[in-house]
Number of protein chains: 2
Amino acid sequence: MQSYTEENYLKTIYHLAEQTTNVQTNAIAEQMQTKPASVTDMIKKLADKGLVDYIKYQGVTLTEIGRNTAIDIVRKHRLWEVFLVDKLNFKWDEVHDVAEELEHIKSVELIERLDEFLGFPKADPHGDPIPDKNGRFAKTQFIKLIELKVGDSGTITGVSQHSSAFLKHLEKLGLTLGKQIQVSDVTDFDGSVEILLSNKQINISREVAKHILISSNGKN
Amino acid sequence: MQSYTEENYLKTIYHLAEQTTNVQTNAIAEQMQTKPASVTDMIKKLADKGLVDYIKYQGVTLTEIGRNTAIDIVRKHRLWEVFLVDKLNFKWDEVHDVAEELEHIKSVELIERLDEFLGFPKADPHGDPIPDKNGRFAKTQFIKLIELKVGDSGTITGVSQHSSAFLKHLEKLGLTLGKQIQVSDVTDFDGSVEILLSNKQINISREVAKHILISSNGKN
DNA sequence: AAAAATTTTTAGATTTACCTAAAAATAAAA
DNA sequence: TTTTATTTTTAGGTAAATCTAAAAATTTTT
Ligand SMILES: [Mn+2]
Ligand SMILES: [Mn+2]
Ligand SMILES: [Mn+2]
Ligand SMILES: [Mn+2]
């Protein structure tokens with residue numbers, strides 16, 4: 001059994017490991033809003049418990065047990081987010097913080113029944129995949145909107161930034177999950193992207209385009 | 001803002017105060033499965049925060065702020081229990097422990113929306129009243145089944161014991177909330193009570209009868 | 001009212017999760 | 001390959017919540 005804090009460390013390491021293989025102490029510290037010295041302490045503890053492999057100065061990797069634990073927390077987080085949006089009518093930008101708390105409730109039965117109650121959803125309100133009870137989930141192939149060429153089209157299926165400010169902005173622009181878009185132009189000056197969205201031309205900044213994930217319809 | 005632990009102390013003091021005015025250190029310790037010395041430490045802290053009134057050796061009473069906080073936790077606990085039973089099909093004897101965790105999730109919005117989602121229930125699966133968002137709830141007048149005289153009848157509207165063993169036992173006997181009963185005899189030998197329940201005679205021990213709460217139909 | 005029993009508090013430690021400051025190791029630049 | 005910069009670890013300490021053992025206060029019994 002892990003503490004609330006240990007669970008958060010495992011989850012953070014799991015997310016960081018999606019980008020880099022060896023997760024660095026400083027990266028964990030930044031993500032967890034704590035100090036590198038505290039991270040070192042916790043890493044040692046997690047290593048003692050067999051949840052991470054750790055070589056001094058070389059960063060950490062999750063063991064299989066550690067990764068399974070992390071995936072279970074991610075599963076809970078995402079299921080609760082679905083619950084909040086689908087059943088309690090929260091907006092997609094309002095659910096993250098509450099899910100950060102709910103994900104630590106320890107009851108296998110609760111999560112299985114919640115999953116069933118929600119109809120075994122495959123993705124959360126931000127398009128992130130929900131692992132099943134065995135920790136399996138499809139590795140989704142997203143491409144960043146910024147990487148599309150003029151003429152390419154696709155469907156918005158995810159976001160790589162979950163801040164309320166960003167999500168609210170997308171909502172205002174009408175850029176919500178499931179929407180079809182086509183890139184009509186890329187501005188030389190500032191790299192901003194012009195897209196066609198339900199017959200309207202809209203312009204989005206490079207920064208925004210970086211965090212919108214598209215499942216491509218293939219080239220035009 | 002209170003810690004998880006402080007919230008549990010407040011809730012415990014609140015429940016104990018339903019029976020005795022001045023809540024004793026030892027009683028809190030027993031309820032919280034901790035030592036009297038720990039309770040003294042925490043009481044001092046709660047007193048410093050203005051949540052309890054405390055005179056050394058004289059026990060504690062909740063201040064208004066303390067009581068309101070406690071009632072809010074009780075509200076959350078009971079709403080989550082309703083959710084678990086009504087929406088996730090838990091049995092009434094399976095919900096308490098999970099609710100003990102869920103009651104500490106801090107989000108006013110979450111609870112208001114949950115309350116609405118559940119249809120603003122007035123009682124939890126054990127018949128206990130659910131405070132509204134202002135902390136108000138009807139003080140229900142229950143009478144213990146054991147206190148009924150032969151010939152008296154009434155409806156089962158609550159239980160004063162929430163252990164899984166007890167609740168499962170009641171379920172097996174068919175003694176669930178809403179059921180009509182009438183006392184047909186009281187055994188001299190062991191004080192057990194014979195009752196009429198949907199045209200069947202059943203015998204329940206004195207111990208069981210003590211923890212079943214009846215809203216009386218008046219004398220027969 | 002003394003003695004005995006019970007309840008409550010204090011004193012002193014422990015564990016967990018943090019912190020700051022300084023030392024050590026590694027990586028990057030000159 | 002030194003020098004410099006960055007990253008990471010160690011050393012030593014704090015605060016919250018707990019504990020055991022012993023002292024103090026209160027209550028109950030004789
Ligand atoms: Mn989230
Ligand atoms: Mn999400
Ligand atoms: Mn309960
Ligand atoms: Mn209940």
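A quick note: this is a predicted structure, and the numbers were derived from the prediction, not measured. Lettering follows sequence order; numbering is per chain, from 1.
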Does a side-chain N or O of [X] approach OP1 or OP2 of [N] to a distance below 4.0 Å, or not?
X     : N      : answer
B/S3  : D/dA16 : no
A/Y9  : C/dT16 : no
A/T25 : D/dT9  : yes
A/N26 : D/dT8  : yes
A/Q24 : D/dT7  : no
B/Y57 : C/dT6  : no

Under 4.0 Å between any heavy atoms, over every strand shown, what does [X] touch: base, sugar-phosphate, or nothing? Just pick one.
X     : answer
A/T40 : base
A/Y4  : nothing
A/S38 : base

Can you tell me how far [atom2] of [N] sits from [atom1] of [X], to the nearest Å?
X     : N      : atom1 : atom2 : result
A/K35 : C/dA22 : NZ    : P     : 15 Å
B/N8  : D/dT18 : CG    : C1'   : 14 Å
A/I43 : C/dC18 : CD1   : P     : 13 Å
A/K44 : C/dT16 : NZ    : C1'   : 15 Å
B/Q58 : C/dT7  : CD    : C1'   : 11 Å
A/K56 : D/dT9  : NZ    : P     : 8 Å
B/I28 : C/dT9  : CD1   : C1'   : 14 Å
B/D41 : C/dA13 : CG    : C1'   : 12 Å

### Query
For B/H162, which of B/H211, B/H77, B/H126 qualifies under ring-ring contact (aromatic ring centres under 6.0 Å, His included)?
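Exactly one option meets the ring-ring contact (aromatic ring centres under 6.0 Å, His included) with B/H162, and it is B/H126.
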### Query
Are B/R113 and A/F90 in a cation-pi contact, defined as NZ or CZ under 6.0 Å from the six-membered ring centre and within 45° of the axis?
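Yes; both conditions hold, so B/R113 lies above the ring face of A/F90.
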### Message
Measuring from atom CG of B/L175 to atom CD1 of B/I212, what distance do you get when rounded to the nearest 0.5 angstrom?
### Response
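These two atoms lie 5.0 Å from each other.
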### Query
More than 12 foreign heavy atoms under 6.0 Å from NZ of B/K106: is that the case here?
yes
### Summary
Closest to the 5' end of DNA chain C, once B/V23 and A/M42 are matched to their nearest nucleotides, is B/V23
### Query
When you check the gap from the basic side-chain N to the acidic O, do B/E103 and B/R75 get nearer than 4.0 Å?
no
